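The structure appears right after this line, and notes come after that.
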2 protein chains.
Amino acid sequence: MAADASAEPRAWEQVLQHIERRLLDGDLAPGDRLPGERALAAELGVGRSSVREALRVLEVLGLIRTHTGSGPTAGAIIIATPGGGMSALMRLQVAASGFPVADIVATRLVLEASVAGDLAAASAVEPGPDLAAADRLLDAMDDAALAAPDFLALDAAFHLALAEASGNQVITATMAGLRSGIEGYALAGLARIDDWHAASARLRSEHRGVVAAIRAADAATARTRMHDHISGYYAQTSPDRTFATPEPPPHPADLDEVAVDVVPTGENDIT
Amino acid sequence: MAADASAEPRAWEQVLQHIERRLLDGDLAPGDRLPGERALAAELGVGRSSVREALRVLEVLGLIRTHTGSGPTAGAIIIATPGGGMSALMRLQVAASGFPVADIVATRLVLEASVAGDLAAASAVEPGPDLAAADRLLDAMDDAALAAPDFLALDAAFHLALAEASGNQVITATMAGLRSGIEGYALAGLARIDDWHAASARLRSEHRGVVAAIRAADAATARTRMHDHISGYYAQTSPDRTFATPEPPPHPADLDEVAVDVVPTGENDIT
DNA sequence: CGCTCCCATGTGGTCTGACCACACTGTACC
DNA sequence: GGTACAGTGTGGTCAGACCACATGGGAGCG
């Protein structure tokens with residue numbers, strides 16, 4: 001904390017702080033256009049290259065989008081789409097061994113189980129969550145002609161659709177980033193699957209099961225099924241790692257009164 | 001998805017991709033030094049400013065650290081400390097209204113409840129989690145002379161220490177980022193607290209309660225207490241906002257026998 | 001009068017070259 | 001042997017110059 005006291009001689013940080021302050025003050029809001037790079041440089045008394053370094057950071061973080069040319073779409077425009085920045089962060093951290101894949105999977109388990117439980121809880125009251133996008137992806141995944149990588153892309157979109165349906169933008173963006181971080185890992189894991197046809201059938205079935213539990217407003221089952229679904233896939237694609245689910249066999253259909261919170265997940269079964 | 005196909009002529013992206021590839025290939029690992037900016041520019045056939053933009057991104061994302069001068073500590077060195085990048089991302093997204101504060105708090109609830117549950121489960125087996133850092137912070141917070149902002153800083157460090165004890169680096173970094181994103185919000189909320197002395201006493205008590213539940217290997221209680229602790233503070237500091245608790249009502253415990261089942265392994269350490 | 005074409009203008013994207021401050025390193029000097 | 005100092009290479013910054021691109025307004029034509 002407070003390690004940034006004293007002076008910040010770095011010019012590009014001044015630019016970053018200036019833009020952040022203008023955002024916090026309400027001077028800038030999503031949809032607004034930033035001043036041009038040259039104007040910003042003159043305004044802050046720094047070189048244009050320093051401005052560009054700050055803008056590059058903002059762009060990677062998903063805060064601005066830049067277009068060349070002129071007109072209303074040109075220039076740097078404030079957007080607030082954290083997905084991209086999260087993805088870049090996760091991907092690079094994984095590449096640099098900063099994030100073990102096992103930790104990412106464990107985090108996915110926590111977040112997605114929570115999402116599934118929330119959606120199920122939301123199903124108990126009108127109008128319930130909007131699962132139309134998830135349903136469409138589910139149907140698309142039924143196409144038997146799908147190649148495995150395409151199937152996985154739809155799978156990722158399905159999980160993301162559920163997160164979006166939960167309405168929590170932070171969880172949605174984080175999950176998108178986590179997925180990106182382990183995308184290469186998931187694709188590489190395909191090679192370890194002997195019978196893709198059977199595997200994809202199981203994944204499809206598990207997806208339907210999760211959605212069914214959500215629609216039934218059965219939070220505990222939804223959480224459990226989501227947990228088993230995710231951990232099962234990674235257990236299959238990385239047999240060397242111990243992804244053993246320490247939980248009782250997945251026959252969670254009996255929780256009407258057992259619903260006692262169950263401490264459903266919480267376990268990072270990693271080694 | 002897949003909107004990034006075709007060509008990415010942006011020179012700085014080439015640099016980024018080149019470094020990412022070298023990381024994935026194992027040519028670069030944490031602790032290694034990157035080639036100099038001039039060398040990198042010549043090697044990739046781009047200008048030095050483009051290299052710098054890429055390095056700036058890597059620096060903000062927490063992948064490298066740069067030092068001027070010469071010697072073994074100078075230059076750009078690969079580090080993999082995602083905390084900084086996560087914090088910058090969250091802070092800026094909050095500033096740009098990309099992340100509602102309520103969503104951040106909800107995500108904290110999910111992650112921290114999971115952490116508390118994991119730690120409690122890990123306490124069931126030897127040697128149990130390392131809570132020494134958390135204990136020290138707890139003691140430090142007992143200092144009655146602490147100003148409120150200092151207390152909050154220790155509070156944040158305490159929560160972070162718990163996350164670190166859980167061993168999941170992704171959750172730790174994410175929680176650090178979430179905290180940063182709402183730091184200003186938490187500080188502003190102090191003004192809404194009438195009796196800081198009583199409030200801090202309650203927070204301290206709640207902290208002790210969480211740790212006690214963890215030590216007792218009582219996962220459900222640990223989760224519940226952590227959930228109530230976090231949501232309670234934000235409910236107090238933002239009474240006008242409705243913090244719809246995203247989770248099903250935190251059932252109190254009845255887990256005497258449930259507590260055993262899970263998670264035999266707590267150690268993951270490095271890979 | 002209306003339409004079309006075209007170029008002036010302003011944007012980001014990139015490169016080059018030049019300084020500066022800094023920190024180590026080896027050497028010359030004492 | 002020890003100390004002071006210049007050399008060297010690093011990132012940090014700036015200035016200036018192009019380029020590609022997209023718009024928009026004006027000139028020219030029908």
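Lettering follows sequence order; numbering is per chain, from 1. Values in this document were obtained by computation on a predicted structure and should not be read as measured data. For the numbers below, each heavy atom of this structure counts, side chains included, while hydrogens, waters and symmetry mates do not.
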What is the nucleic acid contact for [X], judged by heavy atoms within less than 4.0 Å: base, sugar-phosphate only, or nothing?
{"X": "G47(A)", "result": "sugar-phosphate"}
{"X": "R56(B)", "result": "sugar-phosphate"}
{"X": "G71(B)", "result": "sugar-phosphate"}
{"X": "S49(A)", "result": "base"}

Among [options], find the nucleotide with the atom closest to the side chain of [X].
{"X": "P72(B)", "options": "dT10(D), dG13(C), dT25(C)", "result": "dT25(C)"}
{"X": "W12(A)", "options": "dT13(D), dG10(C), dG12(C)", "result": "dT13(D)"}
{"X": "R10(A)", "options": "dT14(C), dG11(D), dT13(D)", "result": "dT13(D)"}
{"X": "E37(B)", "options": "dG13(C), dG11(D), dT14(C)", "result": "dG11(D)"}

**OP:** Specify the residue among V51(B) and R38(B) whose closest nucleotide of DNA chain C lies further upstream toward the 5′ end.
**Re:**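 It is V51(B) whose nearest nucleotide is closer to the 5' end.
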**OP:** Decide salt bridge (Lys or Arg N to Asp or Glu O under 4.0 Å) for R52(B) and E53(A); before the verdict, give the C-alpha distance in whole Å, the side-chain angles of both, and the deciding distance to 0.1 Å.
**Re:** CA-CA 7 Å; R52(B) 299 201 91 247; E53(A) 292 181 17; 2.6 Å; yes
Straight-line distance of [X] [atom1] to [Y] [atom2], nearest 0.5 Å:
{"X": "R192(B)", "Y": "T237(B)", "atom1": "CZ", "atom2": "OG1", "answer": "7.0 Å"}
{"X": "L119(A)", "Y": "S114(A)", "atom1": "CG", "atom2": "OG", "answer": "9.0 Å"}
{"X": "H159(A)", "Y": "E164(A)", "atom1": "NE2", "atom2": "CD", "answer": "13.5 Å"}

**OP:** Go through the N and O atoms of the side chain of R65(B) and the base of dG11(D), and report whether any donor-acceptor pair is under 3.5 Å.
**Re:**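 Not at all, since no donor on one side and acceptor on the other fall under 3.5 Å apart.
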**OP:** Classify the side chain of R48(B) and the base of dG17(C) as holding, or not holding, a donor-acceptor pair under 3.5 Å.
**Re:**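 Not at all, since no donor on one side and acceptor on the other fall under 3.5 Å apart.
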**OP:** Considering only NZ, NE, NH1 and NH2 on the basic side and carboxylate oxygens on the acidic side, decide whether E20(A) and R91(B) come within less than 4.0 Å.
**Re:**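 Salt bridge: yes.
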**OP:** Could you check how far CG of L55(A) sits from P of dG12(C), rounded to whole Å?
**Re:**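 Those two atoms, CG and P, are 8 Å apart.
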**OP:** Would you kindly give the CD-to-P distance between E59(B) and dG11(D), to the nearest whole Å?
**Re:**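 Interatomic distance, CD of E59(B) to P of dG11(D): 11 Å.
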**OP:** Take T73(A) and G45(A), find for each the nucleotide of DNA chain D with the closest heavy atom, and name the residue whose nucleotide sits nearer the 5' end.
**Re:**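 Closest to the 5' end, via its nearest nucleotide, is G45(A).
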